[in-house]
Amino acid sequence: MQDVASIEDLYQNLIMERARAPCHAGSLAAFDAEAEGDNPMCGDRVHVRIRRDRNRIGALSHETRGCAICISAADLMGDAVIGKSQDEIGELADAFETMIATGNTPDRPDFADLRALSGVHTYRSRHRCATLPWQALRAALGKTEHRHG
Amino acid sequence: MQDVASIEDLYQNLIMERARAPCHAGSLAAFDAEAEGDNPMCGDRVHVRIRRDRNRIGALSHETRGCAICISAADLMGDAVIGKSQDEIGELADAFETMIATGNTPDRPDFADLRALSGVHTYRSRHRCATLPWQALRAALGKTEHRHG
Amino acid sequence: MSVAIERIGFDVERIRADFPILAERVHGRKLVFLDSAASAQKPRAVIDAMVRTMETRYANVHRGLHWMSERCSDDYEGARDKVAAFLNAAREEIVFVRNATEAINLVAHSYGRTVLQPGDAVVVSEMEHHANLVPWQMLRDSHGIELRIAKITEAGELDFHDLERNFADGRVRLLAITHMSNVLGTYTPVERLAAFAHAYGARILLDGAQAAVHRAVDVRAIDADFYVFSGHKLYGPSGIGVLYGKRELLEAMPPFLGGGDMIRSVSYEKSSWAEPPYRFEAGTPAIIETIGLGAAIDYVNAIGFEAIAAHERSLTDHALAVLSDIDGLHVLGRAQDRGGVVAFTLDGVHAHDVATLLDKQGIAVRAGHHCAEPLTRRLGQDSTARASFGVYTTHGEIDALVSGLRRVKQVFG
Amino acid sequence: MSVAIERIGFDVERIRADFPILAERVHGRKLVFLDSAASAQKPRAVIDAMVRTMETRYANVHRGLHWMSERCSDDYEGARDKVAAFLNAAREEIVFVRNATEAINLVAHSYGRTVLQPGDAVVVSEMEHHANLVPWQMLRDSHGIELRIAKITEAGELDFHDLERNFADGRVRLLAITHMSNVLGTYTPVERLAAFAHAYGARILLDGAQAAVHRAVDVRAIDADFYVFSGHKLYGPSGIGVLYGKRELLEAMPPFLGGGDMIRSVSYEKSSWAEPPYRFEAGTPAIIETIGLGAAIDYVNAIGFEAIAAHERSLTDHALAVLSDIDGLHVLGRAQDRGGVVAFTLDGVHAHDVATLLDKQGIAVRAGHHCAEPLTRRLGQDSTARASFGVYTTHGEIDALVSGLRRVKQVFG
Ligand SMILES: Cc1ncc(COP(=O)(O)O)c(C=O)c1O
Ligand SMILES: Cc1ncc(COP(=O)(O)O)c(C=O)c1O
C-alpha cells in the first residue's frame, strides 16, 4: 500500500526553507488579537498575533517552538491569510484541514504554497503539527470577532 | 491424554452408598472437640466432632452439606480414623491428600476404602470437596491437642 | 421458530465451523459447550485479527511517529469506532477497561467519590452479579453512601413497587442494575428503568455483561448514563472490556488510574488530565485485545442481532420445554423476557455432581453461585447448575444435555 | 564482546526468525525496529500459546468444573508459577494486573490509603515515568501524603546525598523508584536502595517496566517490597502486567477492585475477601494474555538473561560509540550502569522530524517526552528521539540508524 517513498517527499524545499528562515516569525508590535495553540503530547507551541485592516487580516506573526512541519505550516499560513476576510480564512482553514486529513490538494487559487504540506497526510501522527497554527489562528479570530461585535 | 471414561469411574458404588446413607452423619451427644471446614466457592460445609478415647479417636460425627464426593469423603474418613492415634491420623491425612493430588493410591493397610476416592484426582476442581473433611478434622485435632496439653 | 431463523439465513453449522475449539473432544466425547455465559469461545476472525496484529502491525499506540505505531494506533482507535457504533454512542464516550468489573469499579471510584456525597443512596437489585454489588459495598464503607437492595418478585423479575419504595425519600442518586441476570436469565426493562431513575433525578448504570451478547444495545434509545460489558463474553479476547459513559458525565469525572497516556501535561508538582476517553486509559492499553474485540463486533454484526436473538430465543424455549420433562428438575426464574441462560437444580443431586457427571459426557455446564451468591441464597440454594447458550449452540446440544441429565439421575437413582 | 556472546551461544539471526513481524517492510524498506522500550515485538512462541488456548483449551477460569475450564485454569495458574520463578517469589505474591501502571496504582490505592497516613511522605526520583509519578500525586491530593522528588546528578544517576536529605526527617514511609530509566537508560542500585529505605523504616517499590526485560530480577536478593512490570515489554501480549508484593504486605492490604473471584463470601450486606493474590484480581482476568506472558517468560528463559544482558550491553556500547561520531548529536545520560535505551537530540532538528525522516527509511524510533515529561524538561528539552533495543536487535541495525541520521542531517543541512 505504501510506495517506496523518497525521504524528501515530505520535507520539500519550501518546507525546509520556511522552517529555517520563516518570514512571519516574531511578534507584531501592535496587534488586535492573539492566541496560543499547544500540543502537550510533544511540546509544540504556536503563538499567533494578528492585526486587522478593516475586515481583513492586515498582518500576522507567529512564534513557533516546534518541528519543521509546524514552523513552516505557521509561516505558509501567514502568506495565505494576509489580506483575507474572516470568512475566507475560515474556508481556507477548512480546506487545509481537509487536505491534511485526506491527502487531496484542493483546487482553489488561494491555496498556493499550502499545497507543499499535503505530504503530511501520510503521517497521521504529524497532522497536529500542521494544523496547530490554524487552530491558534481560529482562536485569535474568535477573539477579534468577540471584541468587534 | 484422556481416556474415554465411563461415567461411573468417579461415582463408584461405595461413594454413592455413603453419600445416600452416611454412617457417621449427625452430631455426637458428647465430644471433646469440633471444627468446621467450608468452601466459600461452592458452599460446601463440613462440621466434624470427635470424642477421644485415651490417645485415640473414640468416635467421630460429621454434618455435611455438600456434594456426594464431600459427604462420602467425610464418612469414609470416619471409618478410617476411629481407633487411630493423632499421629496415625496425621499420616493418613497426608497420604489421602497426596492421593488426591497425584492420583496414586498409597500402599498402606490402614487406607482401606479411602481408595474409592482416588478418581477425584482427575477433577482438579473437585479436590477441595474430598479434602475438606480432613481439613476440618485436622482443625478439631488441633483443638484437642491444645486443650489436653 | 426454526422457519423464522431460516428466513433470516441463520446457519448454525456454518457458524460452528468458525470456532476451532468446537471440534475438540473431551473425555473422548464431542465437546458440548454450554458455558458461554461465563466466557464465550472465539471465532477464527478474532484469532486472526490478533495474530495479524502481532505478526504485521504491532507497536505501542498513540505516541509513536513511525509506521507500525501509526497503523497499530489506527487499528486500536478503529476498534473504538466499532464499539461506539455497536452501542450507538460517540467515540469519546467509549472507555476501554479490562472487563465489566473494572468498568463498574471505575464508575464507583471516579463518579462515586465525587458526584455522590455521603448520605446519598445507590440502589442495586437482588439479582446482581458480585461485580455490580461489591464495588458499591466498598464505596459505602469508604465513602459513606447508603446501599439499597431492590427486591425481585417470585418470578425473578424486578419488583417495581419495591423499587419505588427505595426511591421514595428522594436520596437515591444512582440506580446500578443488570440488563440481564446471569442466573435467572431475566432481562430488565431498561428504557423504563432509565426513565424511572431520571424522573427521580438519579442516574442509571446498566451492567450489560450478559445482555450485550444477545441483543442489540442502543444506549441513546435506552438513555443509559453508564453501560458496561466485557469482550470475552462477546466472542472477543479476554482482558478487554468497555465502559460507556455519557459525554458530560465522563467530562466531569476525575481520572481513576494515573500514568502515561491519560495526562495532558505533567510536572513534578502537578498534572492535568487529558479529555475522555483517554483520561481513563492509563498506561499501555490492551492493544491486541482491543483490536480483537473490534473483530468480534464485526463478527456478530455480520450475523446480525436479529438472527442471534431469534436463534437464542428458540434455544431457550426448547431448553425450558425439554428440561421441564425431567422429574425433580427445577429451573430458576420464570421471567417473561429472558435470555439464553438456564440455571436449575436437580432433586437429590448436588450441582457440583451434576456438572462433573455431565463433564464426563463431554458436556460443559457451570455449577456454583455464579458470582451471585446473595441471589443464590435468596433463591434458597447454595449452588445451582447452569447451561448457557451462544451463537454456536444447537438444539441437538440441548437434547444432549437432557440425555446427560437422565444419566446423572440414573447414577444417583 | 562478540566473542563472549558467541561463547554463550547467542545467535541473533536465529532469534530474529522467531519474530514474524521483523520480516515486514515499511515504506518499501526493511523494518528496523528500534522502539522496543515502548513495546516489544512478539515471538512465534507467544502467538502460538495464545492461539492454542483459544483453539483448544479456552473457558473461564477458577469456577468451572468442566474439562476446558480446568485446563484453562491450570494454564493460567501455571503462568503464575512461571512469573513467581522468574522473580524468585512465591506464587501468592504474584498479582496479575493490566500493566505496570495499574500495578503502581493498585499499591497507591490499597497500600497508600491504609498504611500511609496523611503527613507521611513518599519519595520518587526525578527520572520517573509518569506511571510512577502521577499515582503518587493523586494520592497526595486525595489522601494528604507528602510527595518528595529525589534529584539526579548531571550524569543521570540517582543523587544519594539528595536522597538522604529527603529521608532525614524520618517521615518517609515509601520509596517508589524506577529500576531502569526509560529515557536515560540508568539502572538504579536497587539492593542498596532497598537497604537504604529499610534502614529508615520505609518500604520500597521498584518500577521494573524496563529493567525486567533486560536483566534477571531476584526480588528476594533485592529485598524489594513491591516490584512491577508489564508483559508487553517482555515480548508478551498487551493487557497483562505483574505486581509482586511481599506476602505480609499483600495480606494486610484491602482489595482495590471489587467483584467476582476476589471474594471469600458475599451477602447483600457485607463481603469478605479472598486471600492474596486473588483478593486483587476482580472479575474475569486477562486469561489468554496471562498464558501468553507465561510463554514469553519461557522464551526469554530459554535464551537466558546472561546472554540477553551481554547482547544488549554490546549493542548499547556500540550505539554510544557510533552515535557520538555524529556532529551535533547529544546522548542523554551517561550513567555507569545503563541498559539498552539511548535518547538523544540532534542540533537544529526537532525530534519529531528525526523520527519521521528515519521512519521514511524504515527505521522506527520514538520521539517526544517518553511519558517522562518532567525529566525531559529537567534535562532542558521539550522532546528527544529514542532508540531502544531488544533481543532481536543487531549491530547492523544500529549502523543503519547512524546512516539514517546522517541522511536526516543532509535534509536539514
Ligand atoms: C520505566 C517505565 N515505567 C512504567 C512504564 C509503564 O508501563 P505500561 O504502560 O505498560 O503500564 C513504562 C513504559 O512505558 C516505563 O518505561
Ligand atoms: C451480569 C454480569 N455482570 C458482570 C459480570 C462480570 O464480568 P467480568 O468478569 O468479565 O468482569 C458477569 C460475568 O461473569 C455477569 O454475568
Side-chain angles (χ1 to χ4, degrees), chain C residues 20-21 24 26-27 35 38-39 41-42 47 51 54-56 58-60 63-68 98-99 101-102 105 129-131 134-135 137-138 149 230 232 237-239 257-260 263 265-268 271 282-284 286-289 352 355-356 359 364 366-368 371 373-374, chain D residues 20-21 24 26-27 35 38-39 41-42 47 51 54-56 58-60 63-68 98-99 101-102 105 129-131 134-135 137-138 149 230 232 237-239 257-260 263 265-268 271 282-284 286-289 352 355-356 359 364 366-368 371 373-374:
Chain C
I21 204 171
E24 291 291 305
V26 162
H27 300 303
D35 193 21
S39 197
Q41 298 300 346
K42 319 304 173 202
I47 300 170
V51 170
M54 291 188 271
E55 288 191 353
T56 66
Y58 182 77
N60 211 331
R63 285 156 192 288
L65 300 170
H66 54 79
W67 194 93
M68 283 290 165
R98 178 171 37 246
N99 49 27
T101 301
E102 189 187 12
N105 278 276
H129 187 279
H130 293 163
V134 178
Q137 292 180 337
M138 289 168 66
I149 317 285
S230 288
H232 68 92
S238 51
L257 306 180
I263 53 94
S265 138
V266 178
S267 73
Y268 290 124
S271 299
T284 303
I287 301 168
I288 301 158
E289 296 66 36
H352 283 196
T356 297
D359 181 55
R366 196 143 284 237
C371 292
E373 189 178 343
Chain D
I21 205 170
E24 291 292 304
V26 162
H27 301 302
D35 193 22
S39 197
Q41 299 299 347
K42 318 304 173 202
I47 300 170
V51 169
M54 291 188 270
E55 288 190 353
T56 66
Y58 182 79
N60 210 331
R63 283 156 192 289
L65 300 170
H66 54 79
W67 194 93
M68 284 290 167
R98 179 171 36 244
N99 49 28
T101 301
E102 189 187 12
N105 278 276
H129 187 280
H130 293 164
V134 178
Q137 292 181 337
M138 289 167 67
I149 318 284
S230 288
H232 69 92
S238 50
L257 307 180
I263 52 93
S265 141
V266 178
S267 73
Y268 290 125
S271 299
T284 303
I287 301 168
I288 301 158
E289 297 66 37
H352 283 195
T356 298
D359 182 55
R366 197 143 282 238
C371 292
E373 189 178 343

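Here the structure is a predicted model, which means the values were calculated and not measured.
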Q) What residues, two or more places apart in sequence or in another chain, satisfy side chain to side chain donor-acceptor pair (under 3.5 Å) together with Asp35(D)? A)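 With sequence neighbours excluded, Asp35(D) shows a side chain to side chain donor-acceptor pair (under 3.5 Å) to His66(C), Arg366(D), given in chain and number order.
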(Q) Going by side chain to side chain donor-acceptor pair (under 3.5 Å), name the residues that satisfy it together with Glu373(D), two or more places apart in sequence or in a different chain. (A)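 Result, side chain to side chain donor-acceptor pair (under 3.5 Å) vs Glu373(D): Arg377(D).
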Which region of [X], side chain (C-beta onward) or backbone (N, CA, C, O), has a non-hydrogen atom less than 4.5 Å from a non-hydrogen atom of chain C, or is it both or neither?
X	value
Ser230(D)	neither
Glu24(D)	side chain
Ile263(D)	side chain

Relative to chain D, which of [options] shows the most heavy atom pairs under 4.5 Å?
options	answer
Asn99(C), Val266(C), Leu65(C)	Val266(C)
Gly64(C), Gly258(C), Ser267(C), Gly260(C)	Gly258(C)
Gly239(C), Cys371(C), Pro374(C)	Pro374(C)
Pro237(C), Ala364(C), Ala59(C), Ala131(C)	Ala364(C)
Ile287(C), Thr101(C), Asn105(C), Ile149(C)	Asn105(C)
Lys42(C), His129(C), His352(C)	Lys42(C)

Q) If we only count heavy atoms from C-beta on, is the Met54(C) to Ile21(D) side-chain gap below 4.5 Å? A)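 When only atoms from C-beta onward are counted, Ile21(D) and Met54(C) do not touch, as no gap falls below 4.5 Å.
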Q) Is there a side-chain contact between Tyr58(D) and Met68(D) (heavy atoms, below 4.5 Å)? A)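 No - every pair of side-chain heavy atoms lies 4.5 Å or more apart.
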Q. Which heavy atom in Ser238(C) sits nearest to a heavy atom in Ala286(D), and how many Å separate them?
A.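 So the minimum-distance heavy-atom pair works out to OG-C, 3.7 Å.
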Q) Closest heavy-atom contact between Asn60(D) and Ala38(C)? A)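 Residues Asn60(D) and Ala38(C), closest heavy atoms: ND2-O, 2.9 Å.
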Q: Find the distance between CZ (Arg98(D)) and NE2 (His232(D)) and round it off to the nearest 0.5 Å.
A: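 Here the interatomic distance stands at 11.0 Å.
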Q.
Less than 4.5 Å to any heavy atom of chain D: does that hold for the side chain of Gln137(C), its backbone, both, or neither?
A.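 Only the side chain of Gln137(C) comes within 4.5 Å of chain D.
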**Q.** Residue part contacting chain D, namely of Met138(C), when any heavy atom lies under 4.5 Å
**A.**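 Answer is side chain: those atoms of Met138(C) sit under 4.5 Å from chain D.
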(Q) Looking at chain C, which one of Thr56(D), Ile288(D), Thr356(D), Ile47(D) has the largest number of heavy-atom pairs inside 4.5 Å, strictly under? (A)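 Highest number of pairs under 4.5 Å: Thr56(D).
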(Q) Between Ala355(D), Ala282(D), Gly368(D), Ala367(D), who has the most heavy-atom pairs with chain C when the cutoff is under 4.5 Å? (A)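 Most pairs with chain C among the choices: Ala282(D).
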